[in-house]
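Naming: A, B, ... by sequence-line order, numbering from 1 per chain. The structure displayed is predicted, hence computed values, not measured ones.
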Amino acid sequence: MTQIDNMEKCSECSGRNVRENEIGELECQDCGLIMGMTIDMGKDNRVFADGSGAEGERWGQPKTELLHDGGLTTDMAPALRDGTGAALSPSQRRKYNRLRRQHQRTRIRDAKERNLVTALNELDRLAGQMSLPRSIREDAARIYKQAVYKKLVRGRSIEGVVAACIHASCRMNHMARTLDEIGMHSRTGRKEIGRTFKKVMKELQIRIYPAPPSEYVPRFCSHLQLDAVTEGMAKSILGRNEINGLSAGRGPTGIAAAAVYLSARINGIVRTQREVSLAAGVTEVTIRNRYKEICSALAINPDTPQPPQ
DNA sequence: AAGACGAAAGTGGTTGA
DNA sequence: TCAACAACTTTCGTCTT
């Protein structure tokens, strides 16, 4: 581990003890905050057409967290001829193939890397089923790698930890997904994912605040096929100061669902409480209760709702 | 008949002693 | 560890459109 720059200051605790860890991240040694990755500032000689590589060009995909070795690996091509173009003798060919096999084996050095190969496959599968963008997958993979290095996967299922990392990454990227949604696509249940999520966040000292209800609005609206005006109004309702007091201790999905329901009613669009409850994963009773609370907080008549002043 | 409403009982998670 | 508690769910009967 090398000290990168003693002028680098942690944005969380203001400590100056920021170093590069074993997976290339800038990590504050005092509070554990990950401040970013180290960047190679050297020139980038990429091959754009028919390059032989003789001039020192680089090629291949950019570094990715989604492969256990970052995608930065070398491969020995199958070869039938030597450097001069002459055919290899059978014994030379056997020797080459043996070397090639050994080389491939070195790509997975130990149990940690084997774990990562399985986990990153699962991560990609789960994120794919949930149609999550690449940035979320990369962040989830980064968190997972930290969890492996801190030995948090021991005694837990790989699937559970992967699901927890995806949940964390979604929350960090303001695309919150509920534990139920993730649980639907994972072999691990909601309970287990939630427990693992808490443990991993605590051990890695990652602080994630509760998702604001407005983060759920776009998805609920798209499930319910509501227009942008209705979605915008639901968000603006949730953005009002009066609503802040309602969210303490309450599930954000229930509040978001009620705001969407209210917004649809104001705009004269008929969506039953049942439909909204299915889209949001909460019951009609919860929507009714939050609906009444929002209406009274904003002084809206619940029977004939009008846009708030 | 479908949807909304509200009461009551049950469930699972959190908190504080 | 356990009891108390708040939030939420489930169920069911009644009311409204």
For residues 256-266 of chain A, dump all side-chain donor-acceptor pairs below 3.5 Å to protein atoms at least two apart in sequence or in another chain.
unit_1	atom_1	unit_2	atom_2	d
A:Ser263	OG	A:Thr230	O	2.6
A:Arg265	NH2	A:Asp303	O	3.2

Distances under 3.5 Å only, N/O to N/O: pair up the protein atoms with those of nucleotides 4-8 of chain C.
unit_1	atom_1	unit_2	atom_2	d
C:dA7	OP1	A:Arg250	NE	3.3
C:dC8	OP1	A:Gly251	N	2.2
C:dC8	OP2	A:Arg290	NH1	2.2
C:dC8	OP2	A:Arg290	NH2	3.3

Worksheet item: If every non-hydrogen atom of A:Arg171 is compared with every non-hydrogen atom of A:Ala176, which pair is closest and at what distance?
Response: CD-CB, 4.1 Å

Worksheet, complete the sentence: A:Gln29 and A:Glu27 have their tightest heavy-atom pair at NE2-O, 3.2 Å

Discussion item. Taking side chain to side chain donor-acceptor pair (under 3.5 Å) as the definition, give me every residue that meets it alongside A:Arg250, ordered by chain and number, with sequence neighbours left out.
Written reply: A:Glu293

Discussion item. So, using side chain to side chain donor-acceptor pair (under 3.5 Å) as the criterion, who are the partners of A:Arg271 when residues are at least two apart?
Written reply: none

All N/O pairs under 3.5 Å across the protein-nucleotides 10-15 of chain B interface:
unit_1	atom_1	unit_2	atom_2	d
B:dT14	OP1	A:Lys198	NZ	2.4
B:dT14	OP2	A:Lys198	NZ	3.0

Discussion item. What verdict does the side-chain contact (heavy atoms from CB on, under 4.5 Å) test give for A:Arg137 and A:Asp124, after you've listed the backbone C-alpha separation in whole Å, the side-chain angles of each residue and the deciding distance to 0.1 Å?
Written reply: CA-CA 7 Å; A:Arg137 300 179 197 205; A:Asp124 210 42; 3.0 Å; yes

Can you list the residues that meet the side-chain contact (heavy atoms from CB on, under 4.5 Å) rule with [X], with sequence neighbours excluded?
| X | result |
| --- | --- |
| A:His185 | A:Leu126, A:Gln129, A:Met130 |
| A:Arg187 | A:Glu159 |
| A:Ser131 | none |
| A:Ile158 | A:Asn115, A:Thr118, A:Ala119, A:Tyr144, A:Val153, A:Val162 |

Fill in: Stems formed with participation of DNA chain C [Watson-Crick or G-U wobble, under 3.5 Å, three or more pairs]
B:1-11 with C:7-17, B:13-17 with C:1-5

Worksheet entry | Backbone of A:Ile166 reached by a side-chain donor or acceptor of A:Ser169 within 3.5 Å | no

Worksheet item: By salt bridge (charged side-chain N to carboxylate O under 4.0 Å, His left out), which residues pair with A:Glu215, not counting sequence neighbours?
Response: none

Worksheet entry | Where protein sits on nucleotides 1-7 of chain B, one letter per nucleotide: B base, S sugar-phosphate only, - none, heavy atoms under 4.0 Å | --SSBB-

